Amino acid sequence: MSEKEKMNQDGVQESKPAKTEKPKADKAKAKADKDKKPGFFKRLGRFFRELKSELKKVAWPTGRDTMKKTGIVIVCVIVVSVIVWIFDGIASSVIDALLSLFGR
């Protein structure tokens, strides 16, 4: 059975669609659209419009929340610096002891 003689389930003969020149035309149009990139100021204006719309979506924290979280950060920095200070003191003491023991 040749491809032309194939029938689908309804008994209708199937045929291949004719090839058209659309893909080439679409490629040419896409290339022309790519070449027509908007100017610098249009792109800059669009950037700021999109920036404004995105900033409207942001859930801004209240002043109280900001102060609370700032306090937490400051306390964490102090705690970590105390830990580093203690470790530095211990390490320098150990090094001094080793140098005095095995040194000159």
Side-chain angles (χ1 to χ4, degrees):
M1 187 186 265
S2 71
E3 287 188 29
K4 290 183 180 179
E5 297 173 10
K6 287 185 180 177
M7 303 252 177
N8 64 12
Q9 291 177 352
D10 298 330
V12 179
Q13 186 175 354
E14 293 180 1
S15 62
K16 291 184 179 181
K19 292 184 179 180
T20 60
E21 294 296 321
K22 276 199 171 196
K24 290 181 183 178
D26 290 340
K27 287 180 184 178
K29 185 178 178 184
K31 186 175 182 180
D33 289 344
K34 209 182 242 188
D35 292 339
K36 289 184 178 180
K37 189 162 77 169
F40 173 76
F41 292 108
K42 284 187 178 184
R43 287 184 286 151
L44 189 64
R46 184 177 63 200
F47 170 77
F48 281 113
R49 280 193 305 276
E50 291 175 3
L51 178 70
K52 185 178 177 182
S53 68
E54 288 297 322
L55 285 176
K56 286 180 182 179
K57 298 175 187 177
V58 174
W60 296 100
T62 63
R64 189 173 190 178
D65 284 342
T66 304
M67 292 302 291
K68 185 178 177 182
K69 291 176 183 177
T70 302
I72 291 171
V73 169
I74 290 172
V75 167
C76 288
V77 166
I78 290 171
V79 167
V80 169
S81 15
V82 167
I83 291 171
V84 169
W85 178 62
I86 291 170
F87 177 75
D88 183 48
I90 293 171
S92 64
S93 298
V94 168
I95 290 173
D96 287 341
L98 288 173
L99 285 176
S100 66
L101 185 64
F102 296 110
R104 308 174 196 176

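Positions are given from 1, in the same order as the sequence printed here. Keep in mind that what you see is a predicted model, and the values were worked out from it rather than measured.
Here the CD1 atom belonging to I86 is positioned 10.5 Å from the OG atom belonging to S81, to the nearest 0.5 angstrom. Here the straight-line distance linking atom CG of D96 with atom CG of L101 works out to 12.5 Å at 0.5 Å rounding. M67 contributes atom CE, which lies 11.5 Å from atom CG of D65 (distance to the nearest 0.5 angstrom). Once rounded to the nearest 0.5 Å, the distance linking CG of L98 with OG of S93 reads 11.0 Å. The line from CG of L44 to CZ of R49 is 10.0 Å long, rounded to the nearest 0.5 Å. With rounding to the nearest 0.5 angstrom, the CZ atom of F47 is 10.5 Å from the CZ atom of F40.
No more than 12 heavy-atom neighbours from other residues, nucleotides or ligands sit within 6.0 angstrom of CZ on R64.
In the hydrophobic clustering of ILVMFWY residues, with side-chain heavy atoms under 4.5 Å counting as a link, I90 and V84 come out apart.
With T70 as the fixed residue, the side chain to side chain contact (heavy atoms under 4.5 Å, CB included) test singles out one of T66, I72, V73: T66.
Contact record, S53 with E50: OG-O, 2.8 Å, taken as the closest heavy-atom pair.
Using a 4.5 Å heavy-atom threshold, the side chains of W85 and V80 count as separate.
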(request) Dump the intermediate steps for side-chain contact (heavy atoms from CB on, under 4.5 Å) on F87 and I83, then the final yes or no. (result) CA-CA 6 Å; F87 177 75; I83 291 171; 5.5 Å; no

